[in-house]
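Inspection log for the structure reproduced underneath, given as structure tokens.
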Amino acid sequence: MGLVGWPLAHSVSPRLFRDAFRRAGLPWRYERFPVQPNGLARLVASLRAQDVRGFNVTIPHKQAVRAFLDTESPAARAVGAVNCVRIRNGKLWGTNTDLAAFVADLRAHRMAASVRGKRVVLLGAGGAARACAFGLLSLRPSELVIANRDLRRARNLAADVRRAALSPRRRVRVSAVALRSASPKIRRAALLVNATSVGLRAGDRLPISDAFLRAPLAVYDLLYNPPVTDLLRRARLHGCLAVGGIGMLTRQAAAAFRLWTGRKPSPGAFDPVNLGHHMITKRR
Ligand SMILES: NC(=O)c1ccc[n+]([C@@H]2O[C@H](COP(=O)([O-])OP(=O)(O)OC[C@H]3O[C@@H](n4cnc5c(N)ncnc54)[C@H](OP(=O)(O)O)[C@@H]3O)[C@@H](O)[C@H]2O)c1
């Protein structure tokens, strides 16, 4: 098993899975497979040929990896992104465990109920943002604003979400804006979600003005390393409930464990508390 992405230095997944396999008494390994986009096809072909049960997929390959799969789950098809692949008899099956993990973590932090009938601003339009957008749809906001550096990508995601939201039960206004113009949209929002990779590198800063980070806005940052990102720090300073992505990470990882092993994780496995300061020391 392993993690396919670039960069991978920040990832705590190897540590999580090694701990979970040890607790379950499984002699399995979990490796980092760092690969840039031009090497993805070759890497996937080599994993298919080896005795590998599956792998996780992270930045920037969650959409591109779909081209190499034999089949995928309805969740992966709906979201248009795959973060977990199972290999059986040389056949690759992809699914998306980010969506359910994101919604479950919002619920666990009591951030989900406040979304209903309200505006949500989602930063990002990559693989993770796609899962968040469809997850948010299930919480019935009145409006979803998707903000991305590449506006064309935000528009594409908005169009996909609009198509999914066509049923009267799910009527929601969906719009796309450039990331640099997102701040005023946050004013009347109940929830701001950061699903960009801004914050991964020290000194990264989202172009979001502090003037709009005010309670009762809640902020969820998918980044989990560092545990307190610049966005979370600023939001907390202004009284917002602000939560990082470690709970989402551990929930999607536990789902991958169940898919690969057919077992429930042992008690204590995938517990964020066990990660401790590792998250800080692993920064680039
Ligand atoms: N907690 C969890 O369980 C969890 C799960 C999944 C992902 N994540 C995190 O979520 C983040 C996004 O992952 P992903 O798979 O969606 O990656 P991705 O598909 O590569 O998308 C990256 C996103 O970040 C934006 N971005 C990158 N650099 C930027 C910059 N300098 N300024 C502004 N925007 C920038 C991209 O905008 P453009 O389209 O304009 O390039 C795009 O929206 C990663 O940090 C990942 O670690 C966390």
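Order of appearance sets the numbers: ligands from 1, and atoms from 1 within every ligand.
Within 6.0 Å of CZ on Arg107 lie no more than 12 heavy atoms contributed by other residues, nucleotides or ligands. Within a 6.0 Å radius of CZ in Arg110, no more than 12 heavy atoms belonging to other residues, nucleotides or ligands are found. Annotation: Arg214, atom CZ; neighbour count of heavy atoms from other residues, nucleotides and ligands within 6.0 Å is above 12. The number of heavy atoms from other shown groups lying within 6.0 Å of CZ (Arg29) does not exceed 12.
Taking the six-membered ring for Trp and thresholds of 30 and 60 degrees, Tyr220 and Phe102 have ring planes more than 60 degrees apart, a perpendicular arrangement.
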Contacts table for ligand 1: protein N or O within a distance under 3.5 Å of ligand N or O, distances only.
unit_1   : atom_1 : unit_2 : atom_2 : d
ligand 1 : 1 (N)  : Leu222 : O      : 2.8
ligand 1 : 1 (N)  : Gly245 : O      : 2.9
ligand 1 : 3 (O)  : Leu249 : N      : 3.1
ligand 1 : 16 (O) : Gly127 : N      : 3.1
ligand 1 : 16 (O) : Ala128 : N      : 2.7
ligand 1 : 19 (O) : Gly127 : N      : 3.0
ligand 1 : 24 (O) : Ser197 : N      : 3.1
ligand 1 : 24 (O) : Ser197 : OG     : 3.4
ligand 1 : 31 (N) : Arg149 : NH1    : 3.2
ligand 1 : 37 (O) : Asn148 : OD1    : 3.2
ligand 1 : 39 (O) : Asn148 : ND2    : 2.8
ligand 1 : 39 (O) : Arg153 : NH1    : 2.7
ligand 1 : 40 (O) : Asn148 : ND2    : 3.4
ligand 1 : 40 (O) : Arg149 : NE     : 3.1
ligand 1 : 40 (O) : Asp150 : N      : 2.9
ligand 1 : 41 (O) : Arg149 : NH2    : 2.8
ligand 1 : 43 (O) : Ala125 : N      : 3.0
ligand 1 : 43 (O) : Asn148 : OD1    : 2.7

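For Phe33 and Phe55, the distance between ring centers is not under 6.0 angstrom.
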